[in-house]
Structures are given as C-alpha cells and as structure tokens.
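When reading the values below, keep in mind they use all heavy atoms of this one structure, side chains included, and skip hydrogens, waters and symmetry mates. One-based numbering, in listed order, for ligands and for the atoms of each. Treat the numbers as computed from the prediction; the structure is a model and nothing was measured.
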Amino acid sequence: MSTPLVHTELYRLPWTLPDNAISWLEPTSTCNLYCDGCYRKNEPNGHKPLEQVRKELDIFNRMRKTDGVSIAGGDPLTHPDIEKIVEMVARDGQKPVVNTNGQLLTMEKLRALKNAGVAGFTFHIDSGQQRPHMKGKTEIELNELRLRYARMLAEVGGISCAFNATVYEHTLNDVPAIVAWGQEHIDIVHILVFIAYRAAPVHRGYQYYVGGQKIDMAPISYAIERDRKTSIMSTDIVDTIRTRFPDFQPCAYLNGTERPDHFKWLLTMRMGTSEKIYGHAGPRFMELSQSLHHFMKGSYLAYTKPEVLARVKSMLMLSPLDPGLAATASAYLHDVARSPALLFKKLHMQSVMIIQPADFMENGTLSMCDGCPDITVWNDKLVWSCRMEELNTFGDWVRAVKEGEN
Ligand code: SF4
C-alpha cells in the first residue's frame, strides 16, 4: 500500500491572490473544438480587441505579481492577433504561455510565436475532445498526437512543453500510461498536468441563488443534469500513478479554501532519463527555488526554461539541503558506479501537476484552490476563471442551498 500524503509534510506553495506564479488571460472565448468538461461557453465571435487585452494585462500588472501568463480561452490560436498578444505579455517582462488544443499550430505559426517571445505551450489533449479524425482514440493512442507537438517545439527549441488532460472516471486508469510516455520523452516534455473532471451537480437536491434570487443553472456550460462522477481527488490520481510508479512522490501543494488538507494543486518534480527515474525533488528544494526566484526576480517561479531543466546534475549539488535530491543523487551515483558511461548522459527534470478543481461541499459551498493561479480579469476585477460563466450569465457568483434549508 502506498504512503498517504500528509499536507504538513509537503511544501505549501506560497502563491496568493496578489502575488502568484501565474495569471490567466482569456483573449477569446472562441474555440475550434468542443471539449467535455470545458468551463467556457464557446462564442463564435468571442475575440477581444487588443485594447481590451491591454487593459486586462494592466489590471494584472497593477493588482498581481506574476511570472507567467497563461494565454487561454477559448483557443487563443483562433485569435487573429495572437502574436501581438504574446508580444505584449513578453514586453511586460512576463512569460507568455499559450494554452491550446494545438489544432491551428503549424511550424510557421510556431516560429512567429517564438519570435514574438512565447515561453511555453500547454497542449490540452485528451479523449474527451471532439477532434476531427481522432474520434474514439484512447488516451494511450493520443500519445502519438502529443509526441507530434512535443517534436515541433523541440525542433524550434527553447520553449517549455506541457500537456494537460482532464481525468474522468473512465480514464483514471490510463493516467499511468501517460506518465510512462512522459518519462520516455523526458528530454522534450517538461510538464504533465492532470485535471480531475468537475461540473456543477444541479440534480442533487440543491437550489441555486444569485443574491436573494433563485436561478436556473441550466444555461451554465459546466452545469450537468446526469449522474457523473465529479469527485475524483488528486490523491486518487496519485494512487493510480503509484500502481505503476510506486516511488512517485509529490513535494508541494495548494490547499482548498474549505479544506486545508486537500491537495488542489499537487506538484511532483521527477528526475531521470527516458530509461529510468532516479528520484523526486523534496519540499525543501521547491521552497528554495520559489523563495530564491522571488528574492531575485520579484515573483514566484512558473515554467522553468527547458535548458535549466536539463541541468539536473548541478541541482544535485544542493543535496545536503534536500533529502529528495540526496536520494536521487545516491541512486544516480550507484548506477554510474556500475555503468560509468552514464556520466555523459543528461539527466532531466519533469514536473507532474495534479489539479483538483472546485469541490462541491455538502453544505453547498465550494472549496476553491487557495492561492488560485488561474485567476483572470472580469469587469476589471480578479476572478476565478473556472467559474466565470456564472458572472457572464448572472453578473455574480452562484450560491447553492440545500433544499429545505432556504
Ligand atoms: S480555483 Fe478554479 S480557476 Fe483557480 S486554479 Fe482552481 S480550478 Fe483553476
């Protein structure tokens, strides 16, 4: 049986509302796919003009320190001025990271975005998308598509490559195969993100209110009528990964606003080669890298450059400060003693982030990610991007009240 995770033994990432590693910019709500579990209503004419995008970036700059800006949507590659948007973020001194399904990415577009200053891509690829020519493909079969994008980025070079996948009840058991694929391509795949499926359960004996007004949740894109599992926990995903990788060991987390012991963002940093993972960074290493980056650059670290992730051997010099690094160094040196040629092989670092979005609590409140990195701008205010449809539809947050209690 795997060791249970105890939040007091991990590093609580220092991210807060005004001072965070990431912010979430949505220049469009237009998308060229319809993904199961998407939080945004797909608007055919959803592109924001550049002046609006500039205004939202200014609001971030005024209200929130940030290292990276996730440029999301909708699919941001549908926006006719995506290069200019990337350039605006880069000029502000932040890392522009494009969150896309990849459908519109060509080598020409990629090179233009690289010239504009793109720091990374997060490709959303999973079996819950209506991809033309890919219908019915399993998570494992989709690794081929993931690899195609990873190779495109590697060809251009110097761009962080991340993949995210929504995890449903029926795909939970496929997660270890994606983690194994990530290891196989650890030199060009820098981040894997698994997001537990969530939706608003309108069918479970709750009524919904905005202020004192009872409302119908049906128009909200993430409201569901049918019974689906919406409670996969990040620890379920860890346990599933450990069925194939028993040593898999997270080091840092964000808690829930209602539950300090829940892991809403759970980060694992593993080190090794495509053949073998030698170990995992520990909480002290994460604390050091976040604090040092904040001390030197004024913001918490997001999206490490690919060339830094390939300098694991230098990082192992910090072993006296972090037991996770020490164990990794020891496992690596043990293998070097048996096979000295290993010394000439690069070790890589790869992050695995597990996200457990909004949790519906028994009393109707929602437990959000405390220190939410995906905060966006709505009507000049900073808001949770995962619940923005409530604001778009009703002008305020929705409250759930158990029937019989109102
Ligand atoms: S609170 Fe919502 S928007 Fe923020 S990180 Fe969690 S799931 Fe994402």
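With Y222 as the aromatic partner, R40 does not meet the cation-pi criteria of under 6.0 angstrom to the ring centre and within 45 degrees of the ring axis.
Atom 4 (Fe) of ligand 1 has no N, O or S atom of C369 inside 2.8 Å of it. Metal site remark for atom 6 (Fe) of ligand 1: C386 contributes no N, O or S atom at a distance under 2.8 Å.
Contact between M368 and ligand 1 is present, with at least one heavy atom of the residue lying under 4.0 Å from the ligand.
In terms of protein heavy atoms, atom 4 (Fe) of ligand 1 is closest to C372 SG, 2.2 Å. Looking only at protein heavy atoms, the nearest one to atom 8 (Fe) of ligand 1 is D374 OD2, 3.5 Å.
The contact set between ligand 1 and W265, taken as ligand atoms under 4.0 Å from a residue heavy atom, comprises 5 (S). Listed by atom number, the atoms of ligand 1 under 4.0 Å from P373 heavy atoms are 5 (S). Within ligand 1, counting atoms from 1 as listed, the ones closer than 4.0 Å to a heavy atom of P357 are 7 (S). Every atom of ligand 1 with a heavy atom of W384 under 4.0 Å away is listed here by number and element: 1 (S). Atoms of ligand 1 found under 4.0 Å from any heavy atom of S385, numbered from 1 in the order shown, are 3 (S).
Classification of the H79-H47 ring pair by plane angle, with boundaries at 30° and 60°, yields tilted. W181 and H185 have tilted rings, their planes meeting at an angle from 30° to 60° on a 0 to 90° scale.
In plain terms, the two heavy atoms of F245 and A180 that are nearest each other are CZ-CA, 3.6 Å.
A side-chain contact (heavy atoms from CB on, under 4.5 Å) with V118 is found for one member of L153, V97, I159, I82 and no other, namely I159.
Residues I22 and D67 form no side-chain contact, since every pair of their non-hydrogen atoms from C-beta on lies 4.5 Å or further apart.
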Step by step, work out the side chain to side chain contact (heavy atoms under 4.5 Å, CB included) result for T393 and I220. CA-CA 7 Å; T393 312; I220 299 282; 3.7 Å; yes
